[in-house]
Structure formats: C-alpha cells, structure tokens
K.L.:
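Before I ask anything, let me first share the structure, which is written out below as structure tokens.
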Amino acid sequence: MQRDDMIKQQIIKIKKEKSIFIIAHYYQRTEVQEIADFIGDSYAMALAAKKAKEEKILVAGVDFMAETAAILCPEKTVLSPEPMATCPMADSVDIDEIKKYREENPETLIVSYVNTPASVKAVSDVCVTSSNAEKIASKLPPNRPILFIPDKNLADFIEKKIGRNMEKYPSFCPVHARVKTESIRFCKEKYPQAEVLVHPECAPEVVKMADYTGSTGGILNYATHSPKKSFIIGTEEGIFYALRQKRPDAEFILAVDELICPNMKSITLEKILYSLENEETVIKVPEDIREKAFNALDKMIRLSQ
Ligand code: 13P
Ligand code: SF4
C-alpha cells in the first residue's frame, strides 16, 4: 500500500471515531479533497460549517476560511491543520487604516471580501464572497458610498455588473494576477472551440475575454452544464479535481502553467492526520471581535437568500 493511502485510511478512521467533519476548498491537493466530507467554494464552506451536525470541524483551507467557521460557529471546535496557511491578499489589509477610514467616513458602507482577517470583518458592514458579491452589492442602499476591501479586481467586476461605482482597496490576489491576456489569447488560438472560464480575482482585461466569470463553485457549475467539451480555466489548478469528476468527458486547459496557491497547497495529509489526532490547532477569535465579525457574515448570509 502507498504511504498516502495508509495516511488516508488513518484519517478516515480517526475522523469517524472522533466525529470530526472535514471541510475542504477546491484548491486543496487532490488527496486532501479525496478525504474531505465536504468540498466547496468559500461561501459553501461557511454554510457547511454552520450546518454540520458534528461538534468538531476541520477546515482544509487558508486561515480566513477556518476563522470564518469559528466566527459563525462559536459552539463548535474548529481545527486548522496548518494555521500558517494564510492568504496574502487578506493579510495586505491595514486594519488601523480601515479603522481610521471608518471614523472619518461614517456614511460609507464597508464591504469586505471574506478573504480578510476577523479584525477587518469586525469593522465592516457586510461581507461577501465571489459567489454572492453581485447579489449583495445590488441590495445595498443606493444613497450610501461603498468602500470595497481588499480585492480591486473583484470590486471592478461587481461595479460593472451592478452599474455602481465603489471605492477600492488597492489589493489583489498574486495567484490570479499571473493570468494575463496573452495567456488567454495563446490558449484560445490553440483551443478555438474552448470556453474561457475565469475567477473574478483575475484582472479586468482578462475577465473581459472570458465566456464566464464566477467563483470556484460557479466555474464548476458552469462547466457541468455547458454543452462544450473544452474549457480554458483561469483559476487555481486544484479545481481540476472537481471539474474532472463532474465532466469526465471534457478537456480542461489551465490558462497558465502551474497556477498554484502555495498557501492552499501547504496543507498535507500528514498535517491533517496530526491535527485530527491531537485536535490542534483550535482556531479561536476573541469574543469582542467575533461578535462584530459575526454580524457582517450573518448579514452576508441573509442578503444571499
Ligand atoms: P471562492 O470563494 O471562489 O472559492 O474563492 C476563494 C479564493 O480564495 C479564491 O482565490
Ligand atoms: Fe488568497 Fe489568492 Fe490563494 Fe485565494 S488563491 S487564497 S485569494 S492567495
């Protein structure tokens, strides 16, 4: 038996014995997705954490995903197999700057992407993910200015969808920034029949070239129902696992070679096994911050319906 298979067997045994529910993101390693009880985009992961009947959850994703589960489910134990797996875009936000902005601009609605630390969510009016941002932004009061934190590309995508300008925090995802117009053009020339599916974290000029732009869950859903058999994918390559399961008949082409989020990939089977055995690392958010961040996340869930 291969080493990975042995670890997988141990993980499956121990998660059952201890009744720990494993939630993984689509960007996780294939072997991690294989042992997960639930795989989803960041919004689906948050809902799955809330709905889980188990009292203990392990989140295989970057830190803001585990933190989101801990904020929404204070009664549950939320484990992270690798708390050092961070999102550089989420970490780019200067919380002091946002607090100062909040004080100086009480009229402005602060809309935070879920890719933010809990402290930023706590000073936000509402959170969004890439799967619900358009819906939520379209429901915000029209007479209030909006500051969108931190992804300027997602903000641009929403602005165009809802026809409303927003002030943008000047950050972006370094992984999706690697998808360039030249790479899409090159792929389209090589695969003229293929549809181009990208994440809204890609630059606006890339989004403009796409047939569909949406969250990881949205991309998966689109490819599942499209009559086409060939797709150029502008998001992290971990999604190929789910894409190939849904469309075994289709061909998927990554828009750029090795489009990998190293933080997502820092979670391994070994780390998950250790986390399950030792029930470490428990993710806790200080209660004063958690309560305020909960309000912004709860509003996201209500406005998504
Ligand atoms: P999704 O919400 O589409 O899963 O995106 C999360 C993310 O971090 C994309 O880089
Ligand atoms: Fe953050 Fe980009 Fe990695 Fe998503 S892909 S977790 S936005 S660095």
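As the structure lists them, so they are numbered: ligands from 1, and atoms in each ligand from 1. Model, not experiment: these values are computed from the prediction. Hydrogens, waters and symmetry mates play no part in the numbers below; they use all other heavy atoms, side chains included.
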K.L.:
Out of all atoms in ligand 2, which are within 4.0 Å of some heavy atom of Pro88? Include the element for each.
P.N.:
8 (S)

K.L.:
Would you check whether Glu236 reaches within less than 4.0 Å of ligand 2, judged by its heavy atoms?
P.N.:
no

K.L.:
Looking at atom 3 (Fe) of ligand 2, is one of the N, O or S atoms of Cys261 less than 2.8 Å from it?
P.N.:
yes

K.L.:
Taking NZ in Lys18 as the centre, count heavy atoms belonging to other residues, nucleotides or ligands within less than 6.0 Å. Is the count above 12?
P.N.:
yes

K.L.:
Only one of Lys121, Lys50, Met300 clears side-chain contact (heavy atoms from CB on, under 4.5 Å) with Thr68; which?
P.N.:
Lys121

K.L.:
Can any side-chain N or O of Asn105 pair as donor or acceptor with the backbone N or O of Tyr101 at less than 3.5 Å?
P.N.:
yes

K.L.:
Relative to the heavy atoms of Met89, which atoms of ligand 2 are at a distance of less than 4.0 Å?
P.N.:
7 (S)

K.L.:
Within a distance under 4.0 Å of any heavy atom of Asn115, pick out the atoms of ligand 2 and give their elements.
P.N.:
7 (S)

K.L.:
Under 2.8 Å from atom 2 (Fe) of ligand 2, is there any N, O or S atom belonging to His176?
P.N.:
no

K.L.:
I would like to know whether Lys271 and Glu82 meet salt bridge (charged side-chain N to carboxylate O under 4.0 Å, His left out); could you show each step before the answer?
P.N.:
CA-CA 7 Å; Lys271 289 179 187 173; Glu82 178 46 282; 2.9 Å; yes

K.L.:
Show the atoms of ligand 2 that are less than 4.0 angstrom away from any heavy atom in Glu201.
P.N.:
2 (Fe), 7 (S)

K.L.:
Hey, does the side chain of Arg164 reach the backbone of Ser138 with a donor-acceptor pair shorter than 3.5 angstrom?
P.N.:
no

K.L.:
Output yes when Arg290 and Glu287 qualify as a salt bridge under the 4.0 Å nitrogen-oxygen rule, no when they do not.
P.N.:
yes

K.L.:
Hey, does the side chain of Ser183 reach the backbone of Lys180 with a donor-acceptor pair shorter than 3.5 angstrom?
P.N.:
yes

K.L.:
If you have a sec, work out which protein heavy atom is nearest atom 2 (Fe) of ligand 2 and how many Å separate them, to one decimal?
P.N.:
Cys173 SG, 2.3 Å

K.L.:
In terms of residue, atom name and distance, what is the protein heavy atom nearest to atom 1 (Fe) of ligand 2?
P.N.:
Cys87 SG, 2.4 Å

K.L.:
Counting only heavy atoms and a distance below 4.0 Å, can you name the residues contacting ligand 1?
P.N.:
His25, Tyr27, Asp41, Ser42, Asn115, Ser130, His176, His199, Glu201, Ser215, Thr216

K.L.:
Got a second to check how far Leu197's CG is from Ile232's CD1, nearest 0.5 Å?
P.N.:
8.5 Å

K.L.:
List the steps, then state whether side-chain hydrogen bond (donor to acceptor under 3.5 Å, both in side chains) holds for His199 with Thr216.
P.N.:
CA-CA 7 Å; His199 197 278; Thr216 49; 5.3 Å; no

K.L.:
Just by distance, no angles: are the side chains of Glu237 and Tyr27 close enough, under 3.5 Å, to form a donor-acceptor pair?
P.N.:
no

